[in-house]
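Both counts, for ligands and for their atoms, begin at 1 and track the order of listing. These figures come from a predicted structure and were not determined experimentally.
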Amino acid sequence: MKCTRCRGAAEVQLRAHNSAFCRPCYLLFFRRQVERAIASENMFTKEERLLIAVSGGKDSLALWDVLVDLGYDTTGLYLGLGIGAYSSRSHDKAAAFAAARGLALRVVELAEEGPGMAVPAVAGLTRRPACSACGTMKRHYFDQVAHDEGFDVLLTGHNLDDEAARLMGNVLRWQRDHLARQRPVLPPSHPKFVRKVKPLFLCSEYETAVYAFMRGIDYIVEECPNAAGASQLVYKDTLNRLEAASPGTKQAFVKEFLRTGQPAFASTEAREAPRECTGCGMPSYGELCAFCSMMRAVQARAASRAAASDRAAPA
Ligand code: SF4
Ligand SMILES: [Zn+2]
Ligand SMILES: [Zn+2]
């Protein structure tokens with residue numbers, strides 16, 4: 001197998017792109033894919049301050065690596081979710097990546113914020129699925145750190161597989177409001193929000209893993225224990241089967257949606273501008289934002305448990 005670019009010996013074959021690459025040409029190809037996504041979607045400029053949400057996994061660390069290489073002004077943001085050994089190992093990977101390259105990493109430990117509870121405690125007290133509590137907490141702290149610390153853009157490492165799986169989920173339930181907002185760039189709908197972007201939206205999970213491997217990035221391979229059984233994984237598996245039968249399916253699914261479907265859904269969605277949450281001051285569509293409502297429920301449940309145990313305790 002020969003490299004499509006230099007005709008040397010190829011190390012990786014990409015059926016979706018009908019090409020194969022040697023290591024140096026692959027690294028160039030991957031970087032160019034990211035550069036093209038940034039340019040074609042007007043994601044950000046070299047003058048802007050970028051905050052990258054890093055989980056210690058391959059996608060966010062590969063994204064950070066490419067952006068540092070391209071000369072962008074980047075800071076990492078790691079959220080300590082408090083999910084046992086998984087969280088401590090993922091924190092170690094993110095911290096080691098930043099330290100080895102002299103990069104700034106902002107760490108927020110959820111157990112040290114607000115009522116002092118991380119994801120498992122919040123999920124347990126509210127009886128919500130862990131991913132629902134986690135998603136609400138992540139969104140809140142990402143938005144708040146980006147706003148409070150003056151960043152221009154918030155970046156996440158969502159890749160093509162993530163976007164295709166999310167699109168499949170939204171289509172299967174015809175979630176018009178979600179389809180209207182599924183884009184690689186979300187402009188801020190309030191002065192306290194920053195632009196949110198996904199520069200890897202056209203890079204597959206496989207391509208990102210190959211890039212991370214070739215660059216010697218040490219990332220956490222294990223999945224969060226709460227991911228098992230998530231419907232996203234079923235969609236990814238289904239899409240991988242379609243991709244194996246017809247390479248390029250995932251790219252076409254996402255790209256064509258963005259070209260034709262998404263604008264049609266967006267044109268029918270008139271969403272009022274958010275006001276400010278009376279609890280935390282961040283933008284919200286209701287009196288309290290989703291995060292503050294959840295935290296009120298957590299505090300109420302914790303207080304009633306404490307009162308019940310006081311009553312049960314012998315005098
Ligand atoms: S799998 Fe669920 S709990 Fe784990 S990090 Fe993702 S959203 Fe959070
Ligand atoms: Zn080559
Ligand atoms: Zn709030």
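Under the 30°/60° scheme for interplanar angles, the aromatic rings of Phe44 and Tyr72 are found to stand perpendicular. In this pair, Phe29 and Tyr26 present their aromatic rings tilted. The plane angle is within the 30 to 60° band.
For the pair SG of Cys280 and SG of Cys292, the angle whose vertex sits at the Zn ion (ligand 3) is 110° to 10 degrees.
A side chain to side chain donor-acceptor pair (under 3.5 Å) with Asp143 holds for exactly one of Lys196, Lys192, His190; it is Lys196.
Between the side chains of Asp161 and Tyr206, no donor N or O sits under 3.5 Å from an acceptor N or O. Side chain to side chain, Arg166 and Gln232 fail the donor-acceptor criterion of an N or O pair below 3.5 Å. For the 3.5 Å distance criterion, the side chains of Thr156 and His158 qualify, holding a donor opposite an acceptor.
In summary, His140 places no N/O/S atom under 2.8 Å from the Zn ion (ligand 3), failing the contact criterion.
Around atom 8 (Fe) of ligand 1, protein N, O or S atoms at less than 2.8 Å number 1.
Under the 6.0 Å cut-off for aromatic ring centres, His147 and Phe193 do not qualify, their centroids lying 6.0 Å or more apart.
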